Each structure stands twice: as C-alpha cells, then as structure tokens.
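The next block holds one structure in the form of structure tokens; read it before the comments.
Hydrogens, waters and symmetry mates are skipped; everything else that's a heavy atom, side chains included, is used. Residue numbering restarts at 1 for every chain, and letters A, B, ... go by the order of the sequence lines. What you see is a predicted model; the values in this text were computed from it and never measured.
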There are 2 protein chains.
Amino acid sequence: MALDPKTRKPTIYDIARICGVSGATVSRVLSDSGYPVKEAVRARVVAVAKEVGYTPNAIGRMLRRRESADIGVVLPNLSNPYFTSVLLGLETEAHRLGYNVLLASSFRDPETEARSLRMLATKQVAGAIVSLTRPDANLLKDLQSGGIAIVTFDQVVEGLKCSRVEFDFEAAGKLAVAHLHALGHRDIAFASSPIDRPSRRSLQRGFLEGLAAFGIPGGEHRIFLGTSEAEGTEGYEVENGRRLAGRLAGRSPRVPTAVFAANDVTAFGLIQGFAALGVRVPDDVSVLGFDDLPFSAWVTPALSTIAHPAFETGAAAMRLLSDALREPGKVTVERFAPRLVPRASCAPPAPWKAPQGGTT
Amino acid sequence: MALDPKTRKPTIYDIARICGVSGATVSRVLSDSGYPVKEAVRARVVAVAKEVGYTPNAIGRMLRRRESADIGVVLPNLSNPYFTSVLLGLETEAHRLGYNVLLASSFRDPETEARSLRMLATKQVAGAIVSLTRPDANLLKDLQSGGIAIVTFDQVVEGLKCSRVEFDFEAAGKLAVAHLHALGHRDIAFASSPIDRPSRRSLQRGFLEGLAAFGIPGGEHRIFLGTSEAEGTEGYEVENGRRLAGRLAGRSPRVPTAVFAANDVTAFGLIQGFAALGVRVPDDVSVLGFDDLPFSAWVTPALSTIAHPAFETGAAAMRLLSDALREPGKVTVERFAPRLVPRASCAPPAPWKAPQGGTT
DNA sequence: CTGAAAGCGCTTACAG
DNA sequence: CTGAAAGCGCTTACAG
C-alpha cells in the first residue's frame, strides 16, 4: 500500500515501482498479452495488483490501442415496447459477444439523433446499431469513414453501404389488408402516429397497395394520423390511438368496419377509445395491430396482429455488426418477413357476423 | 485536405499544422475553453476543422481531464417491463442533464453483475445507477473509492453510504393484504419468481406481516415461488405465473380465494393459467398485481394492482446521481410509497360475491 | 525474459 | 493572445 499522496488510483507504474520491475512488464502481465514473463515476476505483479486494488484504466488502453468494445445504439423511442424488445435482443447478444452498449434514445428528434451519432463518433465506438427518424446517409458515412461499422434495422438508408436487418413493411401492410378483406371487410382504415419514419411510410404504402389490389379506392378518408408533437413521451402511442378512435367513430357518413393500426400500442388505444364511445371490438369494428408485442396475447379481446420479430431483430443486428467488425467491409442483409397472428380483435363485419373466436 | 497517408483521422495537430498555429491554440478554440484566442485565428481553426472533418476524440480528452460524462446503469433484467420503464425515466433525465448511458443488464446473474460493475470502473464512468441481484457493499465501495458516485434504487445496500431511491416494499405487501382482506378474503396466497432480490424479500415480509396483522396464519401453503432457473429470458415471468396458477389451482384441500403476485407480469401469467384451467378471475379467485405497468390498465379483467412508480424512480435516481456528482459526498434519499390501484381483477370471495367492477 | 522510450489525442499550468 | 512541454494510463515495437 505504498501509494501517492491524494488517494490517487494506482496505475501500472505504482505496481511496477512496488515490484521493482518496469511498467512494460506489469502491462504484459496484467493485460493478458500472452507475452512471456518469468513466472515469479508474474505472480508478484498479480499479487501486488490485487493488494493495491488496481483497476485497469480502459481509457488509457483505448487511446493507445485505438480500439473499443463499445457499441452505440440509437433508437427512436424507448417508450415503444417494440424498441424495448429490440434493445433486449441487442443487449443479450452484445453480452454474449463481449460488447458494451452505449445507449442513445433520440426521443424522435432528428436534432438529438444527429447529436447522438456525433457523440458516438467522439467516443470512438467500434460500431453503431441505428434506427433513424430522419435517415441521413452523409452523417452515417462520416461515421464509417471514421472507422465505425454501421448496422441499421427496419430501414435501408439510401446511398449507404452497410449491413442491415430488413423487414418487409410493405408486405406487412398488404398482409393486413388481405386478412381484413378475407374476413369480408371492404371499408378499411389505417391509423398511425405521424408518418415520420420510412418504415411507417412503407407500411402505409403496403396498406394502400393492398387496397388497390382488391379494387378498394384509397383516399384521405381512410388514413388517420396523429397530429400531436408530444411524441416520445411514455403513453403517447396509446393516447394517440384513443384520440384516433374518436375521429374514426365520427367519420361520416359511416364508421369504417375495420382498422389497421401501425403498431399494437396504437391498437390498444383504439380499442380503449372505441370502448369509451360504446363501439365494440370486434362486433362493431375490427382492429388489427402490428408488432405482436408479448402482451398483445394477454389483452381482451386478444389482439389480432402482424408479427414483427423484435428480439430477433435486435439480436440479428448485433450479430451482423460483430461480423462486420471481424471482417471490415462485409455487408450482409438479413430479412424478416411479416407473419399474420389472428386472434380475437378481428372478425367479419356486422352483416355477415360469425361467432367470435376465443379470448385465449 | 492535407492529411497523412493512411486515411488516419485528423487530430488537433493536423489542424494546427494547416493553420500554422500550435496544438494548444487549436485545443483552446475547439474545446470551447473560453480561453482568449484572436478572432481571426479562431475563425480559421474552426473553418479548417470543419473542412477536414475533424471529430474530437473523447478518449484523449477523458484521459487528460480525468472526467467522464458517462453513467453506468446496471439492471437485473430488461425483459421485465418495470425495469424498462425505469430505464426510460433514467435515459430521459440523463439526456436532459447531458449524460450518456452505458447499459449493463445482469440477466439476474450475480457473476455478470460483478463483472459489469468492474467493467464500469474500468471505463471510468462518473457514476453508476444500480439495482443488484446480490448487493455487495464491498464491490460498490471499491467503485466509490475509485471516485465513482453510486445511486441505488429499490434497495438499500447494508453498510454502504450512497444516495438512493427507496420504495417501501414492505408497506406494499401489507397494503396488498389489507385490500384483499377488506374485500373479504381470508385465504390469501403470494406468488412470485424466486426471492432473489431484497425487494422481493421485503414484499414477502410485508405480505406475511399483513397476514399476521389480521390474525391469518402464514406458512408454506401460502407461498408459491418459481423454481425455474431460466430467469432473465423474455417471457420468464409470465410463464412462471402460468405454472404457479397450476400449483395454486391444485392446492389441497382448497384453492386460495385471492393471490397477490410479486409483479404485474406474473399476475398476467396467473390469470392466463387460471383461464386455461377454467378458474375464473375474479369470480373464483382474485388476483392482485404489483407494479402498475402501463398496459395493466388495458388487459381484461383490468388488473388491480399496487403502483410502483417506475419512470419516476429512474428519473429520480438520475437526478440524485447528478446531485452527488455536483456535490461529492452528498447523500440523499428519495422515497416513494405504494399506492393501491383497484380495478377489476379483485372482488369479494365467492360466498359474499358482489357485482363486479367495470373493466375500463 | 526485460526495459527504455515513444506515442495514442488531448489539455493545461507555465512562461512569455 | 500564443506556444513549448509535460502528462493523463496504457501498449508495443525495438534493442538487448
């Protein structure tokens, strides 16, 4: 315990001095370099390190080695359970692979997003996994040319070469319409928070294409979007759904017979909003969600929805990043397809009403 | 663009060379030091920095300044929505205060937990916000003596001086029993995943004290705990609840009339498990949750529960940490109290059955 | 097997 | 207002 005055944290040189060896030797022992060191010396160094409570300084090491085990993660919004599940998948895989996660929620603000990206560059992260509200190829290219590997998910950034996890949002939109159409619906609406991300845009496009495929005219009377700017706060999505239910229920001359919600949470809001107005789901209107969150199977009516594999998306993104880190320049695309999960919130429209499905 | 051979990232010295000034001057300009620099020089430096695409290296700066804006966060389990909400509160406040979050989920493994803590020390974080599966005062004291501020939540670590966000779990357990007792229940059980954290222990203690206060004998036939070691995986809690429902339903000579679940997700599992066995909630058995997750108000029957403010806990923890960083040694304790949120999953026991409450 | 020395990118007394 | 120099804690050719 022969340390300096002001309870300074011991460094490699403190240990070196105590052991009567050079800093280089201590470094070789303590960094598991595999470099040969006489066994007696090694033992002494390890013992002294322990005795003085030595903690390696990763900053010093990083500066010297110019490498990092940190991965930046930029998500639009932690209050949406979808992203929370992505994060869980990411974190699980990161842990398995030995990476640390630097989290940066953008709160759906492009400014914050850009700042987070720059912050990550500043921190010299090895790579970043991002889902952007306002994809900016130049910003991401800057990171890449700074040696930072990028992986995106749920979006392809125009003009950027990088690995990504794709999801076919357009197919999801079509699948939604197909399901509702098969149930007998012809007057189908789309409910969403503002279309501020490409994934939403694709979903909406798929929805419209789905309508077109069945000869159903699209148009503004089918599209119900949130206007609030209070996004990113907990409960925004569900509240938006509640409000949209009011607008849907008030549409003249008549209420749509089915609604496709841009995510499960919005669907919950719709169902609640409808209930408050005495509109029954699925008796009066069918509600189809998107995401298949874990608890979507627990609500009543159990939510019919389109599965969007969240955990798997996060885990896959982390794996792709790890691959890209191991093999710079490697670009891989992993694709997930939508899958229909029919439950109880969708049923044939009133005239042809068939018995409801079970709740469990 | 007069940079070195191998597309090395430009440093302060590259800019200095191009501008014909010293590195010190460039640093003064680019680090917003407030140090006086001739305006013409300043402008030139800024322009060149932009031109060469300079990105400050936070590692170099951290090593020199010995300070960090990183905060470590150690959570037991991201698959539990409670912690997810805590994280959201934390992250929101961290963003507001200008800190970056280094995330480390322990997956409920004490080894992983200890490793994460050491990793954070290594990374020279300014502080850490932790909820530990196996609280270890020595481990945390080591961080503190290394200059890292610690804030805990939902637990007080024996023998550790630090700011913390407390929650009165014992009172929550008592409140649960009081509510169920007031409804007429006398045969009340407790259902939980393994009691591996002090908070769970306190909740259970409160439950038992609550029983005792009403002269209801405790005992093993009232305590139903998960045995699985598959904790930390998504869906563990709900699956555990489903399994426990089976054990509860099969208890002889008779099924309890009410169950207090250690968290809302377990309660969902219970309700599902009961439903699968034809046991109705609340008609045959009342289920009371704990947490009041956002979606607990959306399920059917709407979950009666005890509120445990998650977002607020995370935000408060971050604020306390910020205070402690600003004023080293400052120890503050912020307390949250449990609050009953009666909904539809609890009702008087069968014999005295009264009309059910509404679902919304 | 060991050490002296340079250097990772930055900041900051110190001297002018 | 500016610069030379030292140093944050570490690693790693290089020489022995």
**Request:** Determine the interatomic distance between P on dC14(D) and the same-named atom on dC10(D); round to the nearest Å.
**Result:**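 About 24 Å, rounded to a whole number of Å.
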**Prompt:** Val41(B) or Leu30(A): which one's nearest nucleotide on DNA chain D is closer to the 5' end?
**Reply:**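 Closest to the 5' end, via its nearest nucleotide, is Val41(B).
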**Asked** Toward the 5' end of DNA chain D, which comes first, Tyr35(B) or Thr25(A), by nearest nucleotide?
**Response** Tyr35(B)
**Asked** side-chain hydrogen bond (donor to acceptor under 3.5 Å, both in side chains): which pairs involve residues 151-166 of chain B, sequence neighbours left out?
**Response** Tyr82(B)-Asp154(B), Asp154(B)-His308(B), Arg164(B)-Glu166(B), Glu166(B)-Arg335(B)
**Fill in**
Between Ser85(A) and Ala310(A), the two heavy atoms sitting closest are CB-CB, 3.4 Å
**Asked** Quick one: CD1 on Ile71(B) to CE on Met318(B), what's the gap to the nearest 0.5 Å?
**Response** 4.0 Å
Just distance, no hydrogens or angles: give the donor-acceptor pairs under 3.5 Å from side chains in residues 20-36 of chain B, sequence neighbours left out.
residue  : atom : partner  : partner atom : Å
Ser22(B) : OG   : Ala24(B) : N            : 3.4
Ser22(B) : OG   : Thr25(B) : N            : 3.2
Ser22(B) : OG   : Thr25(B) : OG1          : 3.3
Ser31(B) : OG   : Ser27(B) : O            : 2.6
Ser33(B) : OG   : Arg28(B) : O            : 3.1
Ser33(B) : OG   : Tyr35(B) : N            : 3.1

**Item:** Residues that Arg319(B) engages under salt bridge (charged side-chain N to carboxylate O under 4.0 Å, His left out), provided they are two or more places apart
**Value:**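 Here the qualifying residues are Glu93(B).
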**Asked** When you list every nucleotide of DNA chain C with an atom under 4.0 Å from a heavy atom of chain B, which one comes first 5' to 3', and which comes last?
**Response** dG9(C) to dC14(C)
**Message:** Run the side-chain hydrogen bond (donor to acceptor under 3.5 Å, both in side chains) test on Ser322(A) and Arg326(A) for me, step by step, so that the C-alpha distance in whole Å, both residues' side-chain angles and the decisive distance to 0.1 Å come before the verdict.
**Reply:** CA-CA 6 Å; Ser322(A) 173; Arg326(A) 225 176 296 280; 2.5 Å; yes
**Structure string for DNA chain D in dot-bracket form, Watson-Crick and G-U at under 3.5 Å, | interchain** = |||.||||||||.|||
**Prompt:** Reckon Ser33(B) touches a base, only the sugar-phosphate, or nothing at all at heavy-atom distances under 4.0 Å?
**Reply:**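 Here Ser33(B) touches no strand at all.
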Sequence neighbours left out, cut at 3.5 Å: what donor-acceptor pairs do the side chains of residues 119-126 of chain A make with other protein atoms?
residue   : atom : partner  : partner atom : Å
Thr122(A) : OG1  : Pro56(B) : O            : 3.3
Lys123(A) : NZ   : Asp70(B) : OD1          : 2.6
Lys123(A) : NZ   : Asp70(B) : OD2          : 3.2

**Message:** Test your reading of the model: is there a side-chain donor-acceptor pair from Gln144(B) to the backbone of Ala149(B), 3.5 Å cut-off?
**Reply:** no
